[in-house]
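The block underneath contains the structure these notes are about, expressed in structure tokens.
Indexing begins at 1, ligand by ligand and atom by atom, following the structure's order.
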Amino acid sequence: MGTAVAGSTFQNLLYEKKGAIVYVTLNRPKVLNALNQAVFAELKAAFEDVRDDAAVRGVILTGSGDKAFAAGADIAEMSTSTGVQAEESTRHAQSVTELIENLGKPVIAAVNGFALGGGCELAMACTIRIAAETAKFGQPEVKLGIMPGAGGTQRLPRLIGKGRALQLILSGEIISAQEAYRIGLVNEVVPNANLISRSEAILNQINSNGPLGVKYSIDAVNKGLDGSVSEGLLIEASLFGICAGSEDKKEGTSAFLAKRAPNFQGR
Ligand code: CAA
């Protein structure tokens with residue numbers, strides 16, 4: 001029996017709430033946490049629960065075992081799908097990445113090993129990527145006669161630039177955590193033993209800030225990157241106005257002037 005949440009029972013994920021942080025662990029270690037359709041369905045249920053639970057302030061997404069975050073889409077499942085089925089399943093996988101990216105709460109990918117294909121794409125949908133020293137990254141789909149299908153052609157160039165993204169996507173080369181750090185694919189590289197504690201420290205620092213400011217900053221960055229600078233500036237001004245009218249703003253500014261720690265309520 002797996003973990004249960006909001007009427008779902010997870011067979012392929014571990015799902016644990018500890019205080020304000022939820023830990024989501026991809027849990028198919030025998031196949032290096034390969035992402036089949038059941039995993040994406042469970043990720044959808046898990047992240048919808050996170051989104052709807054006001055007590056949760058952030059997520060750490062990682063993989064079980066010491067070898068893989070996720071070694072990509074499940075190649076066995078993919079090998080028998082028709083083009084139409086693949087288009088449907090990839091659209092579903094993409095909708096899960098959009099849910100994670102626009103959750104309004106920070107999601108840290110704690111990349112503990114291989115993050116390949118759909119695994120790298122899942123990590124790129126997260127707000128921040130922290131890599132263990134032994135993590136490895138790549139988009140090796142072209143070696144299988146296909147191409148990235150869970151956002152790689154869109155998020156990778158936005159993160160690391162067009163030239164480097166095309167080099168990785170077209171070569172299928174697998175790179176080290178240090179190289180991923182050098183090109184901006186990951187935020188930090190840490191010793192394997194510190195991966196979760198460093199991710200928790202980052203989340204705790206973010207969680208000490210106003211929840212509305214955090215949520216709308218994520219929205220402004222994501223929506224701004226979809227359009228022109230002037231459209232993005234308009235979105236930023238509107239969301240800034242919402243923050244400036246909030247109780248959190250009264251609390252944050254009063255606490256600063258009174259030289260005390262703020263107590264934000266997220267409203
Ligand atoms: N799907 C299904 N099974 C997988 C898998 C995957 N993506 N990756 C690994 N496995 C399975 C292996 O078949 C193997 O199973 P058995 O023990 O039953 O043989 C088990 O996991 C362990 O894997 P390996 O023996 O291959 O381990 P290794 O250490 O020798 O190699 C690896 C590790 C380099 C990551 C290698 O497993 C590999 O190349 N995996 C595939 C990576 C890949 O091509 N990913 C992209 C998938 S396509 C995609 O993701 C599309 C998309 O954009 C959504």
Taking 4.0 Å as the limit for heavy-atom contacts, which would you say applies to Ala73 with ligand 1: side chain only, backbone only, both, or neither?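 Within the 4.0 Å criterion, Ala73 contacts ligand 1 through backbone and side-chain atoms alike.
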
Side chain, backbone, both or neither: Gln139 near ligand 1, heavy atoms under 4.0 Å: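 Within the 4.0 Å criterion, Gln139 makes no contact with ligand 1.
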
Measure across Ala177 and Ala131 and return the closest heavy-atom pair with its distance rounded to 0.1 Å.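 In terms of heavy atoms, the two residues are closest at CB-CB, 4.1 Å.
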
Checking the side chain of [X] only, and the main-chain atoms of [Y] only, is there a donor and an acceptor separated by less than 3.5 Å?
| X | Y | answer |
| --- | --- | --- |
| Glu179 | Ser176 | no |
| Arg155 | Met124 | no |
| Gln37 | Ser89 | no |

Identify, for [atom], the protein heavy atom at the shortest distance, and state residue, atom and that distance.
| atom | value |
| --- | --- |
| atom 17 (O) of ligand 1 | Lys30 O, 4.4 Å |
| atom 3 (N) of ligand 1 | Val31 CB, 3.9 Å |
| atom 8 (N) of ligand 1 | Ala71 CB, 3.6 Å |
| atom 41 (C) of ligand 1 | Ile75 CD1, 3.7 Å |
| atom 24 (P) of ligand 1 | Leu32 CD1, 4.6 Å |

Taking distance alone, with N or O pairs closer than 3.5 Å, would you say Gly149 contacts ligand 1?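 Yes.
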
Below the 3.5 angstrom mark, is there an N/O of Leu144, backbone or side chain, next to an N/O of ligand 1?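 There is no such contact.
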
In sequence, state the C-alpha distance, the side-chain angles, and the governing distance for Gln94 and Arg91, and then conclude on side chain to side chain donor-acceptor pair (under 3.5 Å). CA-CA 5 Å; Gln94 289 175 349; Arg91 288 298 288 165; 2.9 Å; yes

Numbering as shown, the atoms of ligand 1 that approach [X] to under 4.0 Å (heavy-atom distance):
| X | result |
| --- | --- |
| Glu141 | 48 (S), 49 (C), 50 (O), 51 (C), 52 (C), 53 (O) |
| Leu116 | 35 (C), 42 (C) |
| Glu121 | 52 (C), 53 (O), 54 (C) |
| Pro148 | 53 (O) |

Got a protein heavy atom sitting under 4.0 Å from [atom]?
| atom | answer |
| --- | --- |
| atom 19 (O) of ligand 1 | no |
| atom 30 (O) of ligand 1 | no |
| atom 12 (C) of ligand 1 | no |
| atom 39 (O) of ligand 1 | no |

Determine, using heavy atoms of Lys67 and all atoms of ligand 1, whether some pair is separated by less than 4.0 Å.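 Yes.
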
With side-chain contact (heavy atoms from CB on, under 4.5 Å) as the test, pick out the partner of Ser64 among Asn12, Thr25, Asn112.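 Result: among Asn12, Thr25, Asn112, Thr25 is the only option passing the side-chain contact (heavy atoms from CB on, under 4.5 Å) with Ser64.
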
Can you tell me how far the CZ atom of Phe137 sits from the CG atom of Leu156, to the nearest 0.5 Å?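 Output value for this atom pair is 11.5 Å.
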
I need the Lys105 NZ to Ile206 CD1 distance, nearest 0.5 Å.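 Lys105 atom NZ to Ile206 atom CD1 measures 13.5 Å (nearest 0.5 Å).
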
Taking 4.0 angstrom as the limit, do Glu251 and Arg267 come out as a salt bridge?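 Answer for the salt bridge query: no.
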
Are Lys215 and Asp248 ion-paired here, with the side-chain N under 4.0 Å from a carboxylate O?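 Looking at Asp248 together with Lys215, the answer is no, because their closest N to O distance does not fall below 4.0 Å.
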
Side-chain contact test, heavy atoms from C-beta onward, threshold under 4.5 Å: evaluate it for Leu14 versus Tyr23 and give yes or no.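 Contact flag for Leu14/Tyr23 side chains = no.
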
